[in-house]
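To start, the structure itself, in structure tokens.
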Amino acid sequence: MRRSGGPVDVTVVEVAPRDGLQNEPEIVSTADKIRLIERSIAAGVRRIEAVSFVHPRRVPQMADAEAVLAGVPRMDGVSYAGLVFNERGLDRALAAGVHEINVVVVATDTFSLRNQGCTVADGIERWRALAARAADSGLVRTVTIAAAFGCPFEGEVAESTVLELVRRVAQDGPQEIALADTIGVGTPDRVRALVAATGAIAPDADVRCHFHNTRNTGYANAFAALEAGARVLDASTGGIGGCPFAPAATGNIATEDLLYTLDRMGYVTGIDLGRVIETGRWLGEVLAAPVPALLGRAGPFPPETK
């Protein structure tokens, strides 16, 4: 629950430009990716996961990472993050001028091999090497534990497995440890337990959470995470996204739908809900399909007056 004595700030990281668009069947133009980022900034978003430095053959939707970062506005207080998988990816990220990197360590070997071409143990070693270089370059470092609540290939993932990964990745000084429900199977009880335990194991790192709404539990999980101490949540305008390497991993929780509940509960994000709703509608036009978010259809409450 919210602490007594006033609202608590919640940081919403906008991930539509990366995790949202990477799962779309059609490649969105560089110009529209930049417009999406510009619109998010105009709405008050200050942390944006903008690109992924993955090989274009693996995720062709992210092939224009450098062009996107060359075209986005550079302004005080706005931080751009890139997903990095290996040394070559970090080289590209540094050259492109990111402020943050996000390195993924997958919780199971089968998914790790399919997603990143390495075992979990190898993924941890990659994280360590990348974290050291990124720290030397002054970048903010997030390590994401993917499939933390369940794996599409191995099924249930034990809490003890995830927490052992937390212990190991925390040794390399991440500013954030993100718990990702990559396939949308988590439930609030599991979220509370993992977030609280992660905070206890790694008190020097902020706990961040990344939820998919595949089974309609994403928003309940987001608020369970806040109750347990997380203060950073990923969300995707329009609720678009998913993982190309996980069967049936549908969209992220929608930024506008999340903001509606945060606003009504008195949390402070600094993001304008109305502008995000407009961007979600615009994004549906770009994609030529309605986006999953509900606020674009229902509108806010109380209704806005003209």
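Since the model is a prediction, treat every value here as computed from it, not as a measurement.
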N23 and I240: CA distance, side-chain angles, deciding distance, side-chain contact (heavy atoms from CB on, under 4.5 Å) verdict: CA-CA 8 Å; N23 211 44; I240 63 170; over 6 Å; no
Stepwise, does the side chain to side chain donor-acceptor pair (under 3.5 Å) test hold for D64 with T30? CA-CA 7 Å; D64 58 350; T30 301; 2.5 Å; yes
Please walk me through it: do V10 and V268 pass side-chain contact (heavy atoms from CB on, under 4.5 Å)? CA-CA 6 Å; V10 176; V268 175; over 6 Å; no
Test I183 against T214 for side-chain contact (heavy atoms from CB on, under 4.5 Å), laying out the working first. CA-CA 7 Å; I183 57 171; T214 310; 5.7 Å; no
Given I101 and T142, is the side-chain contact (heavy atoms from CB on, under 4.5 Å) satisfied, shown in steps? CA-CA 6 Å; I101 63 163; T142 297; over 6 Å; no
Derivation and outcome, salt bridge (Lys or Arg N to Asp or Glu O under 4.0 Å), residues E24 and K33: CA-CA 13 Å; E24 289 298 316; K33 290 176 182 177; over 6 Å; no
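You'll find the side chain of D91 stays beyond 4.5 Å of the side chain of F53, heavy atoms only. For the pair N213 and N252, the minimum side-chain heavy-atom distance is 4.5 Å or more. Using a 4.5 Å heavy-atom cutoff, the side chains of E176 and V207 are not in contact. The side-chain heavy atoms of L273 and E256, taken from C-beta on, include a pair separated by under 4.5 Å. Under the 4.5 Å side-chain criterion, counting only non-hydrogen atoms from C-beta, Q22 is in contact with V59. The side-chain heavy atoms of P174 and I177, taken from C-beta on, include a pair separated by under 4.5 Å. Side-chain contact check for F211 versus V191: some heavy-atom pair is nearer than 4.5 Å. Side chains of H212 and D181 form no contact here, defined as non-hydrogen atoms less than 4.5 Å apart.
Follow the hydrophobic side-chain contacts under 4.5 Å out from V232 and you never reach V195; the two are in separate clusters. Using a 4.5 Å cut-off between side-chain heavy atoms of Ile, Leu, Val, Met, Phe, Trp and Tyr, with links allowed through other members, V45 and I253 fall into the same hydrophobic cluster. At a threshold of 4.5 Å between side-chain heavy atoms, the hydrophobic network of Ile, Leu, Val, Met, Phe, Trp and Tyr places V78 and L139 in one connected group. Residues V103 and V140 do not share a hydrophobic cluster, clusters being chains of Ile/Leu/Val/Met/Phe/Trp/Tyr side chains in contact below 4.5 Å. I277 and Y219 fall within the same hydrophobic cluster, where Ile, Leu, Val, Met, Phe, Trp and Tyr residues are linked whenever their side-chain heavy atoms come under 4.5 Å apart, directly or through other members.
Between G238 and P292, the closest heavy-atom pair is O-CD, 2.9 Å. In terms of heavy-atom proximity, Q116 sits nearest to V105 at OE1-N, 4.5 Å. The two atoms that bring L283 and V291 nearest to each other are C-CG1, 4.3 Å, heavy atoms only. Shortest non-hydrogen contact noted between T279 and R39 is OG1-NE, 3.1 Å. For the pair N221 and P188, the tightest heavy-atom approach, listed with the atom from each and the gap, is OD1-N, 3.0 Å. Taking every heavy atom of both residues into account, G186 and F149 meet most closely at CA-CB, 3.9 Å.
Between the side chain of T255 and the backbone N or O of T237, at least one donor-acceptor pair lies under 3.5 Å. For R114 (side chain) and S112 (main-chain N/O), no donor-acceptor pair under 3.5 Å exists by modelled atom type. R141 places no side-chain N or O within donor-acceptor distance of the main-chain N or O of A134, the cut-off being under 3.5 Å. Checked by atom type and distance alone, the side chain of T269 pairs as donor or acceptor with a backbone atom of I271 at under 3.5 Å. A donor-acceptor distance shorter than 3.5 angstrom exists from the side chain of E154 to the backbone of T110, with no hydrogens or angles considered. Not one N or O on the side chain of W127 forms a donor-acceptor pair closer than 3.5 Å with the backbone of V143. Side-chain atoms of R58 come within 3.5 Å of backbone atoms of N115 as a donor-acceptor pair (strictly under, hydrogens ignored).
Between E66 and R92 a salt bridge is recorded (basic side-chain N to carboxylate O distance below 4.0 Å). Ion pair D206/R231 not flagged as a salt bridge, since none of the NZ, NE, NH1 or NH2 atoms sits closer than 4.0 Å to an Asp/Glu carboxylate oxygen. Between E14 and R46 no salt bridge is recorded (no basic side-chain N to carboxylate O distance below 4.0 Å).
The distance from the CD atom of E227 to the CZ atom of R192 is 5.0 Å, given to the nearest 0.5 Å. Separating the CD atom in E100 from the CG atom in L83 is a distance of 12.0 Å, to the nearest 0.5 Å. Once rounded to the nearest 0.5 Å, the distance linking CZ of F153 with CG of D109 reads 13.0 Å. To the nearest 0.5 Å, atoms CG (D189) and CG (L194) are separated by 10.0 Å. Of the inter-residue distances, the one linking I48 atom CD1 with S79 atom OG reads 9.0 Å to the nearest 0.5 angstrom. T217 OG1 to R190 CZ: the interatomic distance, rounded to the nearest 0.5 Å, is 12.5 Å.
Every residue meeting the salt bridge (Lys or Arg N to Asp or Glu O under 4.0 Å) condition with E125, not counting sequence neighbours, appears here in chain and number order: R128. Residues meeting the side-chain contact (heavy atoms from CB on, under 4.5 Å) test with P73, sequence neighbours left out: E38, I41, M75, Y80. The ring-ring contact (aromatic ring centres under 6.0 Å, His included) search around F223 returns none, not counting sequence neighbours. For E164, the salt bridge (Lys or Arg N to Asp or Glu O under 4.0 Å) partners two or more places apart in sequence, or in a different chain, are R167. With sequence neighbours excluded, the residues satisfying side chain to side chain donor-acceptor pair (under 3.5 Å) with D122 are T119. Scored by the salt bridge (Lys or Arg N to Asp or Glu O under 4.0 Å) test, E87 finds R133 as partners (sequence neighbours excluded).
Within a 6.0 Å sphere centred on CD of E159, other residues, nucleotides and ligands contribute more than 12 heavy atoms. In R74, the CZ atom is crowded: over 12 heavy atoms of neighbouring residues, nucleotides or ligands sit closer than 6.0 Å.
At least one test fails for R126 against the ring of F85: distance under 6.0 Å to the centre or angle within 45° of the axis.
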